[in-house]
S.K.: 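Submitted below is the structure of interest, expressed as structure tokens.
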Amino acid sequence: MKPQSTGKRIRLTERDLLWMQKIHEHGPLSTREILAFSEEGGQNKGRAQNRLTDLFNEENNTHGKPYLTRPEQQFMHIDARYNQIIYGLSKAGEKALKEAGLWSDWVHKAGGPFWHQRMVAQITAEIEIDCRRSTDRNYIQGWKVLERAQTRLRCPVTFKDPTTGKTLTKTLIPDQIYGIEYLTEDGPRYKFWVLEAERGTHPKTSKQDRKSVERMEAMYDVGLSKIKAELKLKAPLVLSQAHRQDMHTKH
């Protein structure tokens with residue numbers, strides 16, 4: 001789906017920038033998720049959805065191009081018209097965030113195909129939204145952890161392959177990292193997670209040089225403590241494994 005500009009003039013608001021920032025931090029987000037980030041204080045849902053449409057279509061703005069994209073992969077599903085529209089960030093959107101001081105080069109981007117990136121974004125966005133709705137938890141963006149430690153989310157590990165018994169050295173790259181600050185009567189408490197999102201595309205075991213569930217678990221048995229040390233974390237760091245069948249919302 002290509003943008004169709006009507007010539008309408010777009011001037012970015014704080015809410016626009018917030019939406020764009022959350023796409024930058026999490027990855028491709030649905031309409032429902034984007035609007036949830038600005039629900040505090042109340043908003044007209046229809047007008048908010050129309051604003052997202054304008055940010056996708058209109059190029060009459062300071063940067064000369066629309067600020068949002070609608071990744072084409074979402075329209076390849078037979079039931080695409082019944083799903084929430086998913087938005088990504090355009091080059092103009094990236095530039096706008098940088099000019100507003102809302103861009104971080106430390107943001108970790110999940111690898112793999114689009115639907116894997118979408119799954120990771122959905123998981124972390126829903127966790128942050130849940131924290132924003134609470135009174136005793138604050139979500140900690142993974143990029144802030146990486147920036148503080150001045151390191152990227154990747155760690156070489158040497159481990160014993162559970163299928164072949166061979167000793168291998170590979171680079172462990174989690175899909176994402178995030179934390180939660182718990183506000184207690186005794187003061188704040190912290191916990192962090194590295195996320196592995198599994199869409200069921202990897203075999204449980206494999207003798208080939210490819211990712212498998214057992215090989216990934218063996219890498220984390222060795223690598224989780226190394227990641228914690230490299231991130232200079234004193235609070236607990238836990239592996240969170242999410243599976244497609246456990247997801248309760250539609251992409």
Side-chain angles (χ1 to χ4, degrees), residues 17-30 33-34 37 68-69 71 73 86-91 93-98 100-132 138-157 170-181 190-199 201-202 211 216-217 219-220 222-244 247 251:
L17 290 168
L18 172 64
W19 290 343
M20 292 157 59
Q21 181 185 26
K22 293 309 171 184
I23 296 172
H24 165 51
E25 291 175 335
H26 293 285
L29 298 179
S30 70
E33 292 155 356
I34 294 170
F37 282 111
L68 298 181
T69 66
Q73 293 91 334
I86 298 169
Y87 287 94
L89 196 62
S90 71
K91 293 296 183 181
E94 293 178 4
K95 187 174 182 180
L97 286 180
K98 291 175 182 178
L102 299 175
W103 178 272
S104 174
D105 288 331
W106 289 99
V107 168
H108 177 73
K109 299 293 186 182
F114 169 79
W115 287 112
H116 180 259
Q117 297 173 27
R118 167 62 190 142
M119 182 178 177
V120 173
Q122 180 181 359
I123 293 168
T124 57
E126 290 189 348
I127 294 171
E128 181 177 5
I129 290 166
D130 187 56
C131 288
R132 291 169 73 96
N138 292 320
Y139 184 84
I140 301 172
Q141 292 288 348
W143 67 263
K144 293 185 177 181
V145 180
L146 300 175
E147 181 183 52
R148 173 180 171 273
Q150 292 291 292
T151 189
R152 299 295 178 181
L153 192 58
R154 54 190 303 122
C155 178
V157 295
K170 292 184 176 293
T171 301
L172 178 60
I173 307 176
D175 289 324
Q176 194 52 273
I177 180 172
Y178 62 92
I180 295 180
E181 177 188 36
Y190 300 90
K191 188 174 182 179
F192 296 87
W193 288 262
V194 285
L195 172 67
E196 280 289 338
E198 178 55 59
R199 297 177 56 240
T201 57
H202 300 295
K211 185 175 181 178
M216 188 255 315
E217 291 174 347
M219 291 177 69
Y220 272 105
V222 176
L224 192 60
S225 60
K226 291 188 65 177
I227 293 175
K228 181 179 178 180
E230 290 186 2
L231 295 178
K232 303 175 184 177
L233 293 175
K234 295 181 179 180
L237 177 67
V238 179
L239 170 63
S240 175
Q241 293 176 267
H243 300 274
R244 179 79 265 174
M247 302 292 287
H251 45 255

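Index from 1, following the sequence. We use all heavy atoms of the structure for the numbers below, so side chains are in, but hydrogens, waters and symmetry mates are not.
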S.K.: For residues A121 and P28, report the shortest heavy-atom separation together with the two atoms involved.
M.R.: CB-O, 3.4 Å

S.K.: Indicate the atoms forming the closest heavy-atom contact of H24 with K109, along with that distance.
M.R.: O-NZ, 2.7 Å

S.K.: How long is the straight-line distance from OG of S104 back to NZ of K98, given to the nearest 0.5 Å?
M.R.: 11.0 Å

S.K.: Between I173 and L153, is there a side-chain heavy-atom distance shorter than 4.5 Å?
M.R.: no

S.K.: Using side chain to side chain contact (heavy atoms under 4.5 Å, CB included), reason through C131 and E181 one step at a time and then give a plain yes or no.
M.R.: CA-CA 9 Å; C131 288; E181 177 188 36; over 6 Å; no

S.K.: Got a sec, which pairs hit salt bridge (Lys or Arg N to Asp or Glu O under 4.0 Å) with one end in residues 20-29, sequence neighbours left out?
M.R.: K22-E25, K22-E128

S.K.: With a 4.5 Å cut-off on side-chain heavy atoms, are L29 and Y87 touching?
M.R.: no

S.K.: Is it the case that more than 12 heavy atoms not belonging to R154 sit under 6.0 Å from its CZ atom?
M.R.: no

S.K.: Do F37 and Q21 have side chains that get closer than 4.5 Å, going by heavy atoms?
M.R.: no

S.K.: Could you tell me which non-hydrogen atom of P71 sits nearest to which non-hydrogen atom of G88, and how far apart they are?
M.R.: CD-N, 3.8 Å

S.K.: Using every non-hydrogen atom in the two residues, find where E230 and C155 come nearest and quote the distance to one decimal.
M.R.: OE2-SG, 3.9 Å

S.K.: So V194 and Y220, side chain to side chain contact (heavy atoms under 4.5 Å, CB included) or not? Walk me through it.
M.R.: CA-CA 10 Å; V194 285; Y220 272 105; 3.9 Å; yes

S.K.: For L233 and K228, what are the C-alpha separation, side-chain angles and deciding distance, and is it a side chain to side chain contact (heavy atoms under 4.5 Å, CB included)?
M.R.: CA-CA 6 Å; L233 293 175; K228 181 179 178 180; 4.0 Å; yes

S.K.: I want to check something: taking the side chain as every heavy atom from C-beta on, are Q176 and W193 in contact at a cut-off of under 4.5 Å?
M.R.: no

S.K.: What orientation do Y139 and H26 show, parallel under 30°, tilted 30 to 60°, or perpendicular over 60°?
M.R.: tilted

S.K.: Answer yes or no: does atom NZ of K91 have more than 12 heavy-atom neighbours from other residues, nucleotides or ligands under 6.0 Å?
M.R.: no

S.K.: Any heavy-atom pair between the side chains of Q241 and E198 that's under 4.5 Å?
M.R.: no

S.K.: Give, for atom CG of L231 and atom CD1 of I177, the distance between the pair rounded to the nearest 0.5 Å.
M.R.: 4.5 Å

S.K.: Name the one of I227, L237, V238 that satisfies side-chain contact (heavy atoms from CB on, under 4.5 Å) with F192?
M.R.: L237

S.K.: Looking at CG of D130 and CZ of R132, how far apart are the two atoms once the value is rounded to the nearest 0.5 Å?
M.R.: 12.0 Å

S.K.: Output the distance between atom NZ (K191) and atom CD1 (I180), rounded to the nearest 0.5 Å.
M.R.: 8.5 Å

S.K.: So how far is it from L224 CG to M219 CE, rounded to the nearest 0.5 Å?
M.R.: 12.0 Å

S.K.: For the residue pair I123 and D175, establish whether any side-chain heavy-atom pair is separated by less than 4.5 Å.
M.R.: no

S.K.: Looking at P174 and E196, what are the two nearest heavy atoms and their distance?
M.R.: CA-OE2, 3.5 Å

S.K.: Roughly how far apart are W106 CH2 and Q150 CD, rounded to 0.5 Å?
M.R.: 4.0 Å

